[in-house]
2 protein chains.
Amino acid sequence: MAGHKTAMDQRAREIFGVACRLLCEMGYERASIRDLAEAVGMTKAGLYYYFKSKEELLFLILDSYMDDLLTGMEEITARIADPEERLKAYIHFQVERYCQDTYRSKLIINDENCLSGEWFKTVKDKQRRYLSYWRETLERFGHQRGRPIDHLSAHVMLLIGMCNWIYQWYHPEGELRPPELADLIFRRFTLGLDG
Amino acid sequence: MAGHKTAMDQRAREIFGVACRLLCEMGYERASIRDLAEAVGMTKAGLYYYFKSKEELLFLILDSYMDDLLTGMEEITARIADPEERLKAYIHFQVERYCQDTYRSKLIINDENCLSGEWFKTVKDKQRRYLSYWRETLERFGHQRGRPIDHLSAHVMLLIGMCNWIYQWYHPEGELRPPELADLIFRRFTLGLDG
DNA sequence: CCTCTATTCTACCGGCCGGCAAGTAAGCTG
DNA sequence: CAGCTTACTTGCCGGCCGGTAGAATAGAGG
């Protein structure tokens, strides 16, 4: 029985992985179930043994990604108390995540709007929880330095903007290694061009 | 004859405007020609009198947007010589553009990949020219301050990241007015949190 | 061997897709 | 008035879409 479950899980994971790549590269709407079936070497109908609908598949991908993100943020938050060091760690984590999980990182930016109803709400809610990590830490950081940050939410979005926009241009194999990029972002945001 | 042309242009402009809104709100793939026809109060086939294909319509939208962007950047570049002031002006222009032309601004970020072949290349090429304005000015800015910027391209993308990510969160009617936001971006990038 | 269950395939569905051919009403031009 | 153009409409096309019913297959347990 355990054997059954693992085999099932293994196949499901394989489909899941191929789906991430395909949906990311083609876009959710463009990529058809037939494309996915061909890519994993199955029939279209066979796929429906593992998920109920195309939209559920997208949900599973995006929701699991948000779970991974939140778990990471949670872990950092528990481990690092100092706001400055924690903020640094958030940025490093974010860049690292993009490099190690490019497909899902791009998918959640490009195709989150393809979800509807409860699915959309669930993912959006986790994004809100994710943002609150940043906001809280950034607020403490300002407080620690004796210069509280006004327009806090806007600042959070500017910082996240730098972190997330990398999906548009960054290639980890280039001259700038992930940790260097993360440091760059932190210094530019906190110290400006002279940092 | 001039009358004909204007009437034709007027109708075309109307279709164009509705298309921008519809394609932006639904996404290019999701929005069908039938949806667009209904939205402008015509038949699907009638639309094809004004453009050759759905993809051409998207191209016309994105290409014209890039033209507007480049024209604006060109004008600023010609008018302002000082690198610092020019950089400020770029940022203000970018934020302003987003506020006044939200649909096309979002479209070019979300759906540029729906173009193929020559159309894609044409738009991408204009984006490259657009980036070169930023890069050149940022480089001069660093030189002017006696601190040349290394990883120049990365810095350009970080700055543009803050400017473009606003499509994900910014509402011009909120507490932060467009010029204030533009100033905020400039100060955060050049001076850090203390600016 | 048979049986049962897990997994996958064949064959099909209705519906919407982008696009086109042909027709037409209105208006302008001689 | 005829002749031509503009600005559409009607009606259709083949094709792909997501999704499903039910048969076939395979492997484990008895």
Side-chain angles (χ1 to χ4, degrees), chain A residues 1-20 22-23 25-62 107 111 113-120, chain B residues 1-20 22-23 25-62 107 111 113-120:
Chain A
M1 181 171 174
H4 283 186
K5 192 156 184 290
T6 340
M8 151 87 172
D9 282 2
Q10 222 157 1
R11 199 83 168 100
R13 263 194 298 273
E14 186 195 338
I15 294 172
F16 193 85
V18 176
C20 287
L22 206 79
L23 294 190
E25 286 173 351
M26 302 186 63
Y28 172 77
E29 302 284 356
R30 218 181 193 80
S32 73
I33 294 293
R34 284 167 177 84
D35 293 330
L36 178 57
E38 193 180 359
V40 297
M42 285 179 76
T43 326
K44 180 173 50 97
L47 295 178
Y48 280 91
Y49 179 77
Y50 293 95
F51 53 84
K52 290 188 183 64
S53 71
K54 192 189 179 189
E55 197 175 339
E56 189 204 65
L57 175 60
L58 179 63
F59 171 74
L60 292 174
I61 293 173
L62 300 187
L107 260 178
D111 292 316
N113 294 315
C114 295
L115 292 179
S116 62
E118 279 309 309
W119 280 326
F120 182 75
Chain B
M1 179 170 175
H4 283 184
K5 193 156 184 290
T6 339
M8 150 85 172
D9 282 3
Q10 223 156 358
R11 199 82 168 102
R13 262 194 298 273
E14 186 195 338
I15 293 172
F16 193 85
V18 176
C20 288
L22 207 80
L23 294 191
E25 286 173 350
M26 301 187 64
Y28 172 76
E29 301 285 355
R30 220 181 192 81
S32 74
I33 294 292
R34 283 165 178 86
D35 293 330
L36 178 58
E38 193 180 358
V40 296
M42 285 180 75
T43 327
K44 182 172 50 96
L47 294 177
Y48 280 92
Y49 178 74
Y50 292 96
F51 52 85
K52 290 188 184 64
S53 70
K54 191 189 179 189
E55 197 175 339
E56 190 205 64
L57 175 60
L58 178 64
F59 171 74
L60 292 174
I61 292 174
L62 299 187
L107 260 177
D111 293 316
N113 294 315
C114 294
L115 291 179
S116 63
E118 278 310 309
W119 281 326
F120 182 75

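Everything numeric in this text was worked out from a predicted model, so none of it was measured. Throughout, protein chains are lettered first and strands after them, A, B, ... in sequence-line order, and every chain is numbered starting at 1.
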Item to complete: Drop me the distance from Tyr50(B)'s OH to Asp9(B)'s CG, to the nearest 0.5 angstrom.
Response: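 Nearest 0.5 Å value for the OH-CG distance: 9.5 Å.
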Item to complete: Measure the CG-CD1 distance between Leu22(B) and Ile15(B) for me, rounded to the nearest 0.5 Å.
Response: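 Answer for the CG-CD1 pair, Leu22(B) versus Ile15(B), is 12.5 Å.
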Discussion item. Show the nearest heavy-atom pair for residues Phe120(A) and Asn113(A), with the distance to one decimal.
Written reply: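 Minimum heavy-atom separation between Phe120(A) and Asn113(A): CE1-OD1, 3.9 Å.
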I'd like a list of close polar pairs between nucleotides 10-17 of chain D and the protein, N/O only, cut-off under 3.5 Å.
residue	atom	partner	partner atom	Å
dC17(D)	OP1	Ser32(A)	OG	3.0

What's the [atom1]-[atom2] distance between [X] and [N], to the nearest Å?
{"X": "Met42(A)", "N": "dT10(C)", "atom1": "CE", "atom2": "C1'", "answer": "14 Å"}
{"X": "Met26(A)", "N": "dG18(D)", "atom1": "CE", "atom2": "P", "answer": "10 Å"}
{"X": "Asp9(A)", "N": "dA6(C)", "atom1": "CG", "atom2": "P", "answer": "14 Å"}
{"X": "Tyr48(B)", "N": "dC8(D)", "atom1": "OH", "atom2": "P", "answer": "16 Å"}
{"X": "Lys52(B)", "N": "dG18(C)", "atom1": "NZ", "atom2": "P", "answer": "18 Å"}
{"X": "Leu47(A)", "N": "dT20(D)", "atom1": "CG", "atom2": "P", "answer": "13 Å"}
{"X": "Glu38(B)", "N": "dT9(D)", "atom1": "CD", "atom2": "P", "answer": "13 Å"}

Fill in: Pairs flagged by salt bridge (charged side-chain N to carboxylate O under 4.0 Å, His left out) wherever residues 32-42 of chain A is involved - sequence neighbours left out
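Output for this query is empty, none listed.
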Worksheet item: Listed in order of residue number, which residues of residues 113-120 of chain B have a non-hydrogen atom at under 4.0 Å from DNA chain D?
Response: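 By residue number: none to list.
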Item to complete: Applying ring pair (Phe, Tyr, Trp, His ring centres under 6.0 Å), name anything that partners Phe16(A), two or more places apart in sequence or on another chain.
Response: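 Counting only residues at least two positions away or on another chain, Phe16(A) forms no ring pair (Phe, Tyr, Trp, His ring centres under 6.0 Å).
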Item to complete: Could you work out which one of dT20(D), dA6(C), dA7(D) sits closest to the side chain of Tyr49(A)?
Response: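 So the nucleotide nearest the side chain must be dA6(C).
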What side-chain donor-acceptor pairs closer than 3.5 Å can you find for residues 52-62 of chain A, not counting sequence neighbours?
residue	atom	partner	partner atom	Å
Ser53(A)	OG	Glu56(A)	N	3.1
Lys54(A)	NZ	Tyr28(A)	O	2.7
Lys54(A)	NZ	Ala31(A)	O	2.7
Glu55(A)	OE2	Ser116(A)	N	2.8
Glu55(A)	OE2	Ser116(A)	OG	2.7
Glu56(A)	OE1	Lys52(A)	N	3.1

Worksheet item: How about Tyr49(B) and Met42(B): do any of their side-chain heavy atoms sit closer than 4.5 Å?
Response: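 No, side chains not in contact.
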Worksheet item: Any side-chain heavy atom of Asp111(B) sitting closer than 4.5 Å to one from Leu23(B)?
Response: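 When only atoms from C-beta onward are counted, Leu23(B) and Asp111(B) do not touch, as no gap falls below 4.5 Å.
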Fill in: OP1 or OP2 of dC8(D) under 4.0 Å from side-chain N/O of Tyr50(B)
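For dC8(D), OP1 or OP2 has a side-chain N or O of Tyr50(B) closer than 4.0 Å.
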Worksheet entry | dA6(C) OP1/OP2 closer than 4.0 Å to side-chain N/O of Arg11(A) |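 No, Arg11(A) has no side-chain N/O under 4.0 Å of OP1/OP2 on dA6(C).
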Worksheet item: Quick one: side-chain contact (heavy atoms from CB on, under 4.5 Å) partners of Glu14(A), sequence neighbours excluded?
Response: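 Glu14(A) satisfies side-chain contact (heavy atoms from CB on, under 4.5 Å) with Arg11(A) only.
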